[in-house]
2 protein chains.
Amino acid sequence: MVDHVLPKQAANFADDDADDTSHCFVAKLFGKRARNREAQEERILNAAITCFIRSGFRGASMNEICSEAGMSPGALYRYFPSKEAIIEKISAAHRQQSAEILDRMLKSDNIIDAITQVGIDHVRQMSLNTTGPGPRDSNARLFVEVRAESMRNEGVAAICELHEGLMREKLFAAFDAAKERGEIDPIVDMELLVATLAAMGEGIIMRNFPSQGVPVEALEPVFRALAEATLRPTKSLENK
Amino acid sequence: MVDHVLPKQAANFADDDADDTSHCFVAKLFGKRARNREAQEERILNAAITCFIRSGFRGASMNEICSEAGMSPGALYRYFPSKEAIIEKISAAHRQQSAEILDRMLKSDNIIDAITQVGIDHVRQMSLNTTGPGPRDSNARLFVEVRAESMRNEGVAAICELHEGLMREKLFAAFDAAKERGEIDPIVDMELLVATLAAMGEGIIMRNFPSQGVPVEALEPVFRALAEATLRPTKSLENK
DNA sequence: TAAATGAGAGAGAACGTTCTCTCTTTTTTG
DNA sequence: CAAAAAAGAGAGAACGTTCTCTCTCATTTA
């Protein structure tokens, strides 16, 4: 993957350690060139995201991305080896962003509050496109795109499974703690619970409530009721 | 879809009426040629569905579809004017199939039972690919594909909105009846309720529980608890 | 025989990608 | 320190492939 590494620079590296503007390995990581490279990569990725939201992974052409980035194909291909690589990078970043929201969950000492908050945070972050122009459901579009791609693209599927595994771990950790605190019915099937919550979450992201006129605040009692229903089915059903 | 048409009718009709012999409108609808035409159209559509599940709407080429249908491009384009038309036809059929499940809902006299049953029916029909070969999550794949396409393709978006409107009507009719029977909390926001149920349903279809090892039967209590939680939030929360 | 049907070559555009070349910046050399 | 050399960055034409769709011509059907 790391292709154009130069044998010459090994010698340079040993000699001029004072100069970090050279093109040696260290410079690529920390020097001016390196910063430029990262900035360009980000410029390309941002352009690609815009195009993918507009036209889909397959629908957007490399020319479209080049135009959006204000860059020639020759320049763009200096930073990414293929369209596939760009798709994978964006997919990974998007799924990671989703998984990171769960980190807040571990800090709460009430599992119902935690789930409610995670749900709201997710909707807020994924459904509301606060940064930059474009349609308000941009993140929902990108999410559906990633999900669709993951169903037939091995690389993207692996990325999704990786982050899904992380999410499962975090959820199970929080649930185990809550179970010991007696906040969850002992009869609840944990696997089923996690699967249900994940499915509901993804459905809500895909539907993009805020862009359909449902304010985020209105979802609080809904999420709370759903959390109650899934974590404490006995209590919810016994007064039927 | 189902047409029991007599083969002889066309000949009789053409003989009787020599003026508009072959390609007239009525003959196309009722004659033997018409029946052949419909059979060919279905053959193409089935091949296209297989290809779209395998490669996606954009990923599947017309050549791929032609090969799958055992047909030349020249023949195929006699029945569909464009790839777009095939995509729209398949999208419409898929969404309609989903909307029709709701019809059963109106026949139940208990709203909780009705929602539970609709949820299970939906999972059974959409997530389990009982007919033909291919991956077990075929319908989920097609669903994600339709959803992704609807976000940037005006034609498909219109189709989705049409059937969504039908689904909303059916749901509201059932909910209104249930409300009069006192089965739903008066405080429940109907718009929010429908949106939440739709989102959860789509998430569950997309996740495809059966193909992940969750049996359909296990979902019954989950759906029931969720229905309780959304229709009777007061009761669910008051014993918190 | 006349209309319907289909096969298959292939047109023309668009695709992802690569190639060549120019211009700028950095490093080495005298 | 100035000149020469090397390397990096980018532009844009061009590559081979694949795309959707059309055209021609042969075969089947009534």
Side-chain angles (χ1 to χ4, degrees), chain A residues 3-9 11-13 15-25 27-28 31-41 43-44 47-48 51-52 55-67 69-87, chain B residues 7-24 27-28 31-41 43-44 48 51-52 55-67 69-87:
Chain A
D3 37 359
H4 40 62
V5 183
L6 349 89
K8 223 190 287 178
Q9 261 124 38
N12 287 353
F13 176 58
D15 292 339
D16 41 15
D17 45 331
D19 194 353
D20 58 343
T21 57
S22 80
H23 53 281
C24 73
F25 172 68
K28 280 204 170 168
K32 184 183 165 193
R33 283 270 167 76
R35 262 197 299 276
N36 259 342
R37 165 163 270 270
E38 274 165 36
Q40 292 291 66
E41 278 178 10
R43 183 170 144 213
I44 293 168
C51 295
F52 288 153
S55 320
F57 281 155
R58 308 305 247 237
S61 72
M62 290 305 270
N63 266 337
E64 192 183 334
I65 297 172
C66 287
S67 297
M71 218 177 228
S72 65
L76 191 148
Y77 271 86
R78 206 167 270 280
Y79 298 96
F80 289 94
S82 66
K83 188 185 182 184
E84 177 73 18
I86 298 178
I87 291 175
Chain B
K8 287 277 173 78
Q9 269 178 353
N12 294 341
F13 186 79
D15 287 342
D16 294 346
D17 217 340
D19 285 344
D20 36 6
T21 47
S22 54
H23 55 280
C24 82
K28 276 199 176 171
K32 185 188 174 187
R33 292 253 166 78
R35 204 172 65 105
N36 262 339
R37 164 165 270 270
E38 275 165 33
Q40 293 290 65
E41 279 177 10
R43 183 169 143 214
I44 293 167
C51 295
F52 288 153
S55 320
F57 281 154
R58 306 304 241 242
S61 72
M62 291 306 270
N63 265 338
E64 192 184 333
I65 297 172
C66 287
S67 297
M71 219 178 227
S72 64
L76 191 147
Y77 271 88
R78 199 169 279 278
Y79 298 97
F80 289 94
S82 65
K83 187 185 182 184
E84 177 72 18
I86 299 179
I87 290 176

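Here is the naming used below: chain letters follow the sequence lines, and residue numbers restart at 1 for every chain.
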Under 4.0 Å protein heavy-atom contacts per nucleotide of nucleotides 13-24 of chain D, with B for base, S for backbone only and - for none: ------SBBBB-

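Between the OH atom in B:Tyr77 and the CD1 atom in B:Ile44 there is a gap of 10.5 Å [rounded to 0.5 Å]. Atom-to-atom distance recorded for A:Ile65:CD1 and A:Met62:CE is 5.5 Å, nearest 0.5 angstrom.
Closest approach of A:Ala60 and A:Cys51 over heavy atoms only: CB-O, 3.8 Å.
By the side chain to side chain contact (heavy atoms under 4.5 Å, CB included) test, B:Ser82 pairs with B:Glu84, B:Ala85, sequence neighbours left out. When the side chain to side chain donor-acceptor pair (under 3.5 Å) test is applied to A:Ser55, the partners found at least two apart in sequence or on another chain are A:Glu64. Remark: B:Arg43 pairs with B:Gln40, B:Met71 by the side chain to side chain contact (heavy atoms under 4.5 Å, CB included) rule, at least two apart or across chains.
From one end of the helix from C:dT1-D:dA30 to C:dG30-D:dC1 to the other, with five pairs defining each end axis, the axis direction shifts by 10° (rounded to 10°).
At the heavy-atom level, A:Phe80 lies nowhere under 4.0 Å from the strands shown.
With rounding to whole Å, B:Arg37 atom CZ is found 16 Å from D:dT29 atom C1'. Residue B:Gln40 contributes atom CD, which lies 9 Å from atom C1' of C:dG6 at whole-angstrom precision.
A heavy-atom distance below 4.5 Å is not found between the side chains of A:Lys83 and A:Phe57.
Put simply, A:Ser72 has a side-chain N or O that comes within less than 4.0 Å of OP1 or OP2 on D:dA11.
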